[in-house]
Amino acid sequence: MRVSGETKIAGIMGWPVAHSRSPQLHGYWLEKYGIDGLVVPLAVSPDRLEAAVRGLPALGFRGSNVTIPHKETVATYMDRLSDVAQQVGAVNTIVVEDEGTLTGTNTDIFGFMAHLKASAPGWQPARPAVVLGAGGAARAVIAALLTDGVREIRLLNRTRERAEMLAAHFGDAAVTVRDWDDRAAALSDASLLVNATSLGMTGKAPLDLNLDRLAPGTVVYDLVYSPLKTALLLAAEERGAVPVDGLGMLLHQARPAFQAWFGPDPVVDDGLRDHLVRDLGLSA
Ligand SMILES: NC(=O)c1ccc[n+]([C@@H]2O[C@H](COP(=O)([O-])OP(=O)(O)OC[C@H]3O[C@@H](n4cnc5c(N)ncnc54)[C@H](OP(=O)(O)O)[C@@H]3O)[C@@H](O)[C@H]2O)c1
């Protein structure tokens, strides 16, 4: 890595921030495209978030990624929010515009859908989708599915009230809430199942889900990417479903930020996947 007087710099703000793989991810593309650029981790405490964000244009930053716990608060410091950031109610990418103003956007919706289309090109939004979870990830998933015209989204969460609040946020009749205990039955006729809970992640409880009603050919998308091949994906594959792992979403969601800060729309290729698998120490 070489830093010159011309180096284009972007950041990743979080508290803590050391776990973020944004510098490595963007670093791969910067090298691949021969761009004199850098993405640096910025450990920003909540009480200094506003000062840090407002300092980006003065420091000549192109922008910054934003991670936990700042994604909601940072939206209030933006000069403008993209439609998707408003839809999701969270900002994960800041772009410093040429005149020094700040635009906040959210690239999770793009990342979720781009990876779905790349991994399961035959998937059609006509049949119901089942979404497990009602946190920030589920919010992005539902926004993406509604944008793509999915007519029925069955939303199930351990804490039903959170699912109801999320459905109310969208106010769309396509989103229907069911009891967490009915998750096996909810799979009937579905063409897509998305796990947007943290269940199945290394160190967390497993996802207890009977797949008897899962039809062959159903797309099963697990947002959990550690391990890469979760128990859900392995069981779904055995039943003839199309498995889609969570790592691809992480990679694709970085594309719009890279393009806005550095120019090219970067390609998610095997080299990038391998780079991140190694960097994250992921196992299959
Ligand atoms: N691949 C990607 O790019 C990507 C992007 C974002 C997130 N993710 C992953 O998606 C997952 C969710 O992230 P998030 O930000 O939405 O987290 P979050 O806001 O903390 O939500 C966690 C969800 O998991 C549910 N949950 C947790 N423990 C449970 C249990 N024992 N039984 C049943 N449900 C349980 C929660 O249900 P309650 O509401 O009942 O607590 C909630 O719906 C994480 O694994 C995260 O790593 C991946």
Side-chain angles (χ1 to χ4, degrees), residues 12 14 19-22 24-26 65-72 84-85 88-93 106-119 130-145 153-169 175 177-184 186 193-210 219-233 243-258 268 272-273 276-277 279-282:
I12 158 72
H19 65 280
S20 170
R21 292 355 267 172
S22 271
Q24 288 74 13
L25 215 169
H26 288 286
N65 276 146
V66 182
T67 187
I68 293 166
H70 300 319
K71 287 187 184 185
E72 283 86 21
V84 278
V88 183
V91 164
N92 74 351
T93 301
N106 191 303
T107 62
D108 281 338
I109 295 178
F110 173 87
F112 172 82
M113 211 28 104
H115 183 47
L116 176 59
K117 301 231 160 130
S119 312
V130 176
V131 177
L132 305 178
R139 186 179 279 241
V141 168
I142 291 170
L145 295 176
I153 300 169
R154 299 168 182 164
L155 177 60
L156 302 95
N157 191 50
R158 173 180 61 177
T159 311
R160 188 181 164 114
E161 299 79 62
R162 272 189 96 191
E164 277 165 358
M165 279 167 60
L166 189 53
H169 165 82
V175 185
V177 174
R178 299 197 183 189
D179 274 342
W180 179 246
D181 288 346
D182 296 335
R183 56 195 183 280
L193 163 65
V194 183
N195 176 34
T197 73
S198 47
L199 295 171
M201 192 193 279
T202 305
K204 294 275 165 79
L207 171 62
D208 177 14
L209 178 62
N210 182 323
V219 177
V220 176
Y221 196 151
D222 201 338
L223 264 53
V224 170
Y225 55 80
S226 177
L228 255 185
K229 278 250 165 154
T230 61
L232 170 65
L233 292 182
V244 180
D245 67 40
L247 183 62
M249 175 174 167
L250 185 74
L251 304 181
H252 280 280
Q253 65 78 31
R255 281 172 49 202
F258 187 89
V268 171
L272 178 65
R273 260 186 89 89
L276 260 282
V277 165
D279 189 65
L280 288 161
L282 294 176

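Starting from 1, each residue takes its place in the sequence as its number. As the structure lists them, so they are numbered: ligands from 1, and atoms in each ligand from 1.
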Minimum distance, heavy atoms only, to [atom]: which one of [options] is it?
atom: atom 12 (C) of ligand 1; options: Ala196, Ala90, Ala140, Pro206; value: Ala196
atom: atom 33 (C) of ligand 1; options: Leu199, Thr197, Val194; value: Leu199
atom: atom 35 (C) of ligand 1; options: Arg160, Arg158, Met201, Arg139; value: Arg158

Notebook entry, point to check: For ligand 1, which atoms, with element, lie under 4.0 Å from some heavy atom of Val224?
Noted result: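 Near Val224, meaning under 4.0 Å from one of its heavy atoms, ligand 1 has 45 (O).
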Notebook entry, point to check: In terms of atom number and element, which parts of ligand 1 are under 4.0 angstrom from non-hydrogen atoms of Gly133?
Noted result: 43 (O)
Could you tell me whether some N/O pair between [X] and ligand 1 is separated by less than 3.5 angstrom?
X: Asn157; result: yes
X: Ala137; result: yes
X: Gly136; result: yes
X: Gly246; result: yes
X: Tyr225; result: no
X: Leu223; result: yes

Note to self: Between Asp245 and Leu228 (side chain of the first, backbone of the second, donor and acceptor by atom type, cut-off under 3.5 Å), is there such a pair?
What the structure shows: no
Margin query: Is atom 20 (O) of ligand 1 near the protein, in the sense that some protein heavy atom lies at less than 4.0 Å from it?
Written below: no
Notebook entry, point to check: Considering only protein heavy atoms, which is closest to atom 22 (C) of ligand 1, and at what distance to one decimal place?
Noted result: Ser198 OG, 4.2 Å
